[in-house]
Amino acid sequence: MSETVKQSQSFAQPEANTAQTELGSYRHFMQKEIFEQPRAIADSLKGIETVTPAWFGERAAAIFSKIDSVLILACGTSYHAGQAARHWIESLVRLPCHVEIANEYRFRDGVPNPNALVIVISQSGETADTLAALTQAKKLGHTYTLSICNVAASSMMRQTELRYLTRAGAEIGIASTKVFTTQLVALFLLTLALAKERGRLTAEEETFWLRALRRLPSAMQATLELEPQIIAWAKTFAHKAHALFLGRGLNFPIAQEGALKLKETSYIHAEAFPVGELRHGPMALIDDGMPVVATMPNSALFEKTKTVLREARMRGAELFVVADFDTPFTDDDGFHVLRVPEQESLLSPILHAAPLQLLAYHTAVLRGTDVDKPRSLTKSVMEE
Ligand code: M6R
């Protein structure tokens, strides 16, 4: 069997085994699914020896070499995964990438670009808005389409020429957790495949990124072991009515996902802003005791971010920071800091997602909400 064929995706849904659909020793499916992430990420990487477009379908190589941009359409958590992918695709592939909420795109009189690759991302593959956005994209003249879904037999997977099955396994909790991180891994693999096909990935870089990806499952496991620290944070959040989440660049979608998780599961009003936007309005929301969560990698913008956070603290905010292992904080910064294990900076946002999921989970448990079935929500939004 050729290397390419051997590594290409099987689109058959792996059987959902009883272990996936039963709670076991966990109290809720959301908690169980958060802790399944090391396994789900490892499954996503199983059998990968080299980077190949064949992961996405037979015609992927031909299509990847022809396109001049990427358009990602999705809703909710899947939209946040798409927003993170934009940063990877633009910086590693140097292709323009636009990300749009599917329920906006479907009704917009958008200008089509037939040379763009349209990517739809969905856990269920049945989200009415995302399916309608795909139909709209095709109606406008788009021909290159790729779906990234967690359900092999879904409508979305049948409606695109290229497809990729995420390896999260059955996700029962309404709040999506392990699907989000497997979507991120899938989108990073897509970034590598696009880069390789377009001559932007050297053999050394390919080895480097595959090694970094292989470290992710154990780094995720070590991140989840920080749970006791998060439970302590959740005790503060459980008594709050509002919370702000901040991030920059690649970490902004992670902050948005953290805010979505908290509001879905605990019904606390939570909003996410890019750090730099705080001074353009949201700073007015900050008064005594307002919890502010920041996802803060060790990046060149660290000092700028810290200046804004200090300003928020002076106005009464209590700062909860998810940082990289080496983000340079000092004791007198006065923030609560949780550090994720060492990881390449482009991949560390995947780790930052987990403490925010745990924060939402434990806050919801303390508030006594129905964690797996939050009020007014369904697992897949199939109605118009
Ligand atoms: O199945 P999909 O990924 O297309 O669903 C999109 C959103 O409805 C979904 O991500 C929703 O936001 C979740 N409840 C998030 O936890």
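Each ligand, and each atom within it, is numbered from 1 in the order the structure gives.
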Contact atoms of ligand 1, heavy-atom distance to K261 under 4.0 Å: 15 (C), 16 (O)
Check the side chains of E227 and H362 for a donor-acceptor pair under 3.5 angstrom, ignoring hydrogens and angles. yes
Do you see a donor-acceptor pair shorter than 3.5 Å between the side chains of R198 and S65? no
Is K196 paired with E205 through a side-chain N to carboxylate O contact shorter than 4.0 Å? no
Just by distance, do the side chain of R158 and the backbone of A153 share a donor-acceptor pair under 3.5 Å? yes
Should T130 be counted as touching ligand 1, given the test is an N or O pair under 3.5 Å? no
Under a 4.0 Å heavy-atom limit, does E126 contact ligand 1 with its side chain, its backbone, both, or neither? neither
Using modelled atom types only, decide if a donor and an acceptor are shared between the side chain of T307 and the backbone of E303 within a distance under 3.5 Å. yes
For S78, counting its heavy atoms only, list the atoms of ligand 1 lying under 4.0 Å from any of them. 2 (P), 3 (O), 10 (O)
Distance filter under 4.0 Å to A175 heavy atoms, resulting ligand 1 atoms: 16 (O)
Can you pull out the closest protein heavy atom to atom 5 (O) of ligand 1? Residue, atom name and distance to 0.1 Å, please. T127 OG1, 3.5 Å
Applying a 4.0 Å heavy-atom criterion (strictly less than), which segment of T77 is in contact with ligand 1: side chain, backbone, both, or neither? both
Judged by modelled atom types alone, do S155 and E126 share a side-chain donor-acceptor pair under 3.5 Å? yes
Of all the atoms in ligand 1, which lie at a distance below 4.0 Å from a heavy atom belonging to S122? 1 (O), 2 (P), 3 (O), 4 (O)
Using a strict 4.0 Å cut-off to heavy atoms of S176, name the atoms of ligand 1 that fall inside it. 15 (C), 16 (O)
With distance as the sole criterion, is a donor-acceptor pair present between the side chains of E257 and T77 under 3.5 Å? yes
Does I174 have a non-hydrogen atom less than 4.0 Å from ligand 1? yes
For atom 8 (O) of ligand 1, what is the nearest protein heavy atom, given as residue, atom name and distance? V381 CG2, 4.0 Å
Do me a favour and list the nearest non-hydrogen protein atom to atom 1 (O) of ligand 1 with residue, atom name and distance? S124 OG, 2.7 Å
Set out, in order, the CA-CA distance, both residues' side-chain angles and the distance that settles side-chain hydrogen bond (donor to acceptor under 3.5 Å, both in side chains) for T181 and Q37, then state yes or no. CA-CA 7 Å; T181 43; Q37 290 177 110; 2.6 Å; yes
Atom 14 (N) of ligand 1: which protein heavy atom is closest, and how many Å away? E264 OE2, 2.5 Å
In terms of heavy-atom contacts, does CD of E58 have more than 12 from other residues, nucleotides or ligands at under 6.0 Å? no
If you scan protein heavy atoms around atom 7 (C) of ligand 1, the nearest is C75 O, 3.8 Å
